[in-house]
There are 2 protein chains.
Amino acid sequence: MQKNKTDKRSRLIQTAAKLAYRQGFRKTTLADIAEEAQVPLGNVYYYFKTKDELAAAIVEHHLKQLETSRQSWEEMDSPKERLYACVQMTAENARALARGGCSVGTLCTELRKEGGALAKLAAVLFTEHLAWIEAQFRAMGGNDDVRGLAIHLLSALQGIAVLSNSFEEPALVALETGRLKDWIRAM
Amino acid sequence: MQKNKTDKRSRLIQTAAKLAYRQGFRKTTLADIAEEAQVPLGNVYYYFKTKDELAAAIVEHHLKQLETSRQSWEEMDSPKERLYACVQMTAENARALARGGCSVGTLCTELRKEGGALAKLAAVLFTEHLAWIEAQFRAMGGNDDVRGLAIHLLSALQGIAVLSNSFEEPALVALETGRLKDWIRAM
DNA sequence: GTCTATACCGAGATAGAC
DNA sequence: GTCTATCTCGGTATAGAC
């Protein structure tokens, strides 16, 4: 088994994701990542031929993270509770959001501006997540515009991440997630 | 009068803002800006000692733009109509938002990750704007939580910018701004 | 597969003539 | 005030020994 290889590779990805979140992808150098992950710089290129390839791996990493989150919400009994749990997670994450924004949203925003292949990669980041939210609203029934509802929810979560990050103010997250919880509860 | 000087300087700022919006501030080189603004590279440093100083000028530029927008909304008779006009502007801007996100929001997100002095600059970007929105809600009366309402509105506008940019889909803006218009109208 | 040394280039910044 | 030429550093990527 290539345990070492896999370990190093995933360590690099995880570190890259962390640093890209903290300082932005473009600002983060391969040397930064290599050092933090305790891997010699030259060795990075054994796992990733280019920096762009590493970006793709970071996106992949986030997709898995999102998938994992959704799985945990699937445990809930009703679609309403699932969406509630989704909002709750954001509420609990207020401090990190105020410090660095949403890890997915900020990455997406940055990659879109990178243009080229990376911009296309970014588009995928929210696709499955939005579809999942939409599915919950559909399962709840009672409203035909499930897409509009899903957009509204995800949009609100992204927006509050931007604002709380801008002001570096976790309290804003509590304010808006509270509103969202009321909204879901009242449905 | 230093007409030439002022002209060149403001041309540089405007170009810098445009390119930073299109490709991100960090990705944009001084050479890019100089070329686009038709100013020799070396001359840029006569107006801005460092690239960071140029970033500060870009922020300043956006602050003025926002101020101008608010002034145009002030023309409306009632605070409700003013907020409506604010949302309407976003709706009309759907295509640009889908292409590059909100010029203020994306800049803010990027500068926050830059850290240091630039991160602090970013914090100012939304301050006055949020205060203005809050003032409109206060003028409308009938609700004590004017701050929550203001956060909700600005957050929604920022969120839909992130999403429509991510999916490169202007229609999402229409969807969410429609919802916001209904919300304001019903108040 | 792993790591060191280094090539190469691009970007920010400066010197100094005009 | 304006512009050309250039310095310098840092970051991506490669060569090649082990």
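As the structure is a prediction and not an experimental result, all values here were calculated from the model. Order of the sequence lines fixes the chain letters, A, B, ..., with proteins taken first and strands second; residue numbering starts at 1 for each chain.
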Subject >> Atom-to-atom span, OH of A:Y47 to P of C:dC3 - whole angstrom >> reply: 8 Å

**OP:** Among D:dT12, D:dA13, C:dG12, find the nucleotide with the atom closest to the side chain of A:T50.
**Re:** D:dA13

**OP:** Consider the side chain of A:Y46, meaning its heavy atoms from C-beta on, and name the nucleotide among C:dG1, D:dT14, C:dC3 that approaches it most closely.
**Re:** C:dG1

Subject >> Residue A:L41, side-chain heavy atoms: nucleotide from C:dC3, C:dT2, D:dA13 that is nearest >> reply: D:dA13

**OP:** Would you mind checking if B:E110 and B:R26 are paired as a salt bridge, meaning a charged N to carboxylate O distance below 4.0 Å?
**Re:** no

**OP:** Could you check which of D:dA13, D:dC3, C:dG12 has an atom nearest any side-chain atom of B:K8?
**Re:** D:dC3

**OP:** Using atom CG of A:D52 as one end and atom P of D:dA13 as the other, report the distance to the nearest whole Å.
**Re:** 7 Å

**OP:** Please state how far atom CG in B:D32 lies from atom P in C:dG10, giving the value in whole angstrom units.
**Re:** 12 Å

Original post:
In whole angstroms, how far is the P atom of C:dG10 from the CD atom of B:Q23?
Top reply: 16 Å

Original post:
Between atom CG in A:L30 and atom C1' in C:dC3, what is the gap in whole Å?
Top reply: 16 Å

**OP:** Send over the distance from A:L19 CG to D:dG11 C1', rounded to a whole Å.
**Re:** 15 Å

**OP:** List in chain and number order the residues that pass side-chain contact (heavy atoms from CB on, under 4.5 Å) with B:D52, two or more places apart in sequence or in another chain; answer none if no residue qualifies.
**Re:** B:T50, B:L118

Subject >> Separation of D:dT14 C1' from A:E53 CD (nearest whole Å) >> reply: 15 Å

**OP:** Consider the side chain of B:N43, meaning its heavy atoms from C-beta on, and name the nucleotide among D:dT12, D:dT2, C:dA13 that approaches it most closely.
**Re:** D:dT2

Original post:
Does the cation-pi check pass for B:K51 over B:Y45, that is, NZ or CZ under 6.0 Å from the six-membered ring centre and within 45° of its axis?
Top reply: no

Original post:
From C:dG12, D:dT4, D:dT14, pick the nucleotide closest to the side chain of A:Y45?
Top reply: D:dT14

Subject >> Lys/Arg cation over aromatic A:Y46: A:K8, 6.0 Å, 45° cone >> reply: no

Original post:
Just wondering, are more than 12 heavy atoms of other shown residues or ligands nearer than 6.0 Å to CD in B:E81?
Top reply: yes

Original post:
Taking for each residue the nucleotide of DNA chain D with the nearest heavy atom, is it A:K51 or B:V39 whose nucleotide lies nearer the 5' end?
Top reply: B:V39

Original post:
Between D:dT2 atom P and B:R9 atom CZ, what is the distance in whole Å?
Top reply: 13 Å

